[in-house]
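All heavy atoms count here, side chains included; hydrogens, waters and symmetry mates do not. Here, residue 1 is the first one in the sequence, and each next residue gets the next number. All of these numbers come straight from a predicted model, not from anything done at the bench.
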Amino acid sequence: MRLDHRGFTIVEMLFVLAITLVLASFGFLFHTPHVSDEDEIHLISNTFSQARLQACAMKQKQHVTCKGDDLYVSNTSGETHITLNKGYRFLTDHDFYYNNKGHIRRPKTIQLKSPNDQIYDFVFQLGSGTFYVQSEGDDIN
């Protein structure tokens with residue numbers, strides 16, 4: 001009686017599966033989604049603008065905190081937390097609020113550093129709460 005051994009043994013299949021998993025994990029490890037500077041700036045700008053509009057509409061102070069790669073907006077109703085995309089971070093911590101008219105008390109400049117070491121300035125106007133964004137002297141918004 002002759003036994004025909006066709007196919008692979010379980011050990012051979014596990015070995016091939018292990019190699020495949022190791023190679024796939026390297027692919028996932030080094031693959032990071034790319035977010036453009038413009039998209040990240042729009043996210044932050046929209047968050048600041050929304051906080052200002054909510055302060056006016058709800059007649060309620062909106063507290064804004066920029067710290068590391070986090071952006072918080074809070075009021076008596078709750079808090080919104082945004083984590084910036086990988087590689088983006090605020091260079092210094094900032095804490096301010098929009099009053100019930102959407103104004104801020106002092107002018108300020110918040111700096112954002114991108115993954116490619118580009119610096120963006122969010123420049124807030126005295127009193128009004130409006131702001132613009134610039135990079136290396138160029139106005140973005």
Side-chain angles (χ1 to χ4, degrees), residues 2-141:
R2 180 174 165 222
L3 292 176
D4 237 340
H5 293 286
R6 293 185 186 186
F8 299 103
T9 66
I10 189 81
V11 173
E12 291 170 331
M13 287 175 36
L14 287 175
F15 183 73
V16 170
L17 183 62
I19 290 173
T20 304
L21 288 174
V22 168
L23 292 174
S25 67
F26 279 121
F28 287 119
L29 180 66
F30 294 112
H31 173 68
T32 55
H34 176 71
V35 175
S36 72
D37 289 358
E38 184 177 305
D39 289 342
E40 196 69 11
I41 288 168
H42 283 311
L43 172 68
I44 296 166
S45 295
N46 289 341
T47 303
F48 290 150
S49 296
Q50 183 178 1
R52 182 172 183 242
L53 289 173
Q54 282 184 335
C56 294
M58 298 169 52
K59 301 293 183 204
Q60 188 178 75
K61 182 166 60 170
Q62 301 287 316
H63 186 251
V64 179
T65 302
C66 304
K67 184 176 183 178
D69 63 350
D70 294 309
L71 176 57
Y72 300 92
V73 178
S74 58
N75 57 35
T76 57
S77 304
E79 179 177 83
T80 302
H81 173 232
I82 295 175
T83 301
L84 303 180
N85 287 294
K86 186 176 181 179
Y88 291 93
R89 65 182 173 84
F90 295 108
L91 292 181
T92 54
D93 298 346
H94 288 279
D95 205 19
F96 66 97
Y97 68 89
Y98 290 101
N99 65 18
N100 61 357
K101 294 181 181 179
H103 298 166
I104 60 174
R105 187 180 292 180
R106 287 175 277 184
K108 66 173 54 249
T109 299
I110 298 174
Q111 290 188 314
L112 175 74
K113 185 174 182 180
S114 72
N116 58 4
D117 293 330
Q118 182 74 34
I119 306 292
Y120 297 96
D121 295 332
F122 292 81
V123 181
F124 287 81
Q125 305 284 320
L126 174 62
S128 70
T130 59
F131 66 94
Y132 62 93
V133 183
Q134 67 181 17
S135 168
E136 297 178 4
D138 297 331
D139 188 22
I140 294 174
N141 284 350

Point-to-point distance, once rounded to the nearest 0.5 Å, from NE2 of H94 to NZ of K67 | 13.0 Å
How close do L91 and K113 get, heavy atom to heavy atom, and via which atoms?
-> CD2-CB, 3.7 Å
Between CG of D69 and CG of L112, what distance do you get to the nearest 0.5 Å?
-> 10.5 Å
Nearest heavy-atom contact between A55 and N99 is CB-O, 3.2 Å
Here the pair of heavy atoms bringing S128 nearest to H103 is O-CD2, 3.4 Å
More than 12 non-hydrogen atoms from neighbouring residues, nucleotides or ligands closer than 6.0 Å to CD on E79, yes or no?
-> yes
Separation of I119 CD1 from Q111 CD (nearest 0.5 Å) | 6.0 Å
Does the side chain of V64 come within less than 4.5 Å of T47's, by heavy atoms?
-> no
Mind checking what makes ring-ring contact (aromatic ring centres under 6.0 Å, His included) contact with Y98, not counting sequence neighbours?
-> F96
First locate atom CD1 of I41, then atom CG of N46, and finally report the distance between them rounded to the nearest 0.5 Å.
-> 11.5 Å
Rounded to the nearest 0.5 Å, what separation is found between the CG atom of L71 and the OG1 atom of T83?
-> 9.5 Å
M13 atom CE, neighbour heavy-atom count above 12 within 6.0 Å = no
Is a donor on one side and an acceptor on the other found under 3.5 Å between the side chain of Y120 and the backbone of D37?
-> no
In Å, rounded to the nearest 0.5 Å, how long is the span from CD1 of I110 to CG of D93?
-> 10.5 Å
When every non-hydrogen atom of N75 is compared with those of Q54, the smallest separation belongs to ND2-OE1, 4.5 Å
Shortest non-hydrogen contact from F90 toward D70 = CE1-O, 3.6 Å
For F48, which of F131, Y132, Y97 qualifies under ring-ring contact (aromatic ring centres under 6.0 Å, His included)?
-> F131
Nearest heavy atoms of R52 and G129, plus distance in Å | CD-O, 3.6 Å
Between S114 and E40, is any side-chain donor less than 3.5 angstrom from a side-chain acceptor?
-> no
Y72/H81 aromatic ring centres below 6.0 Å | yes
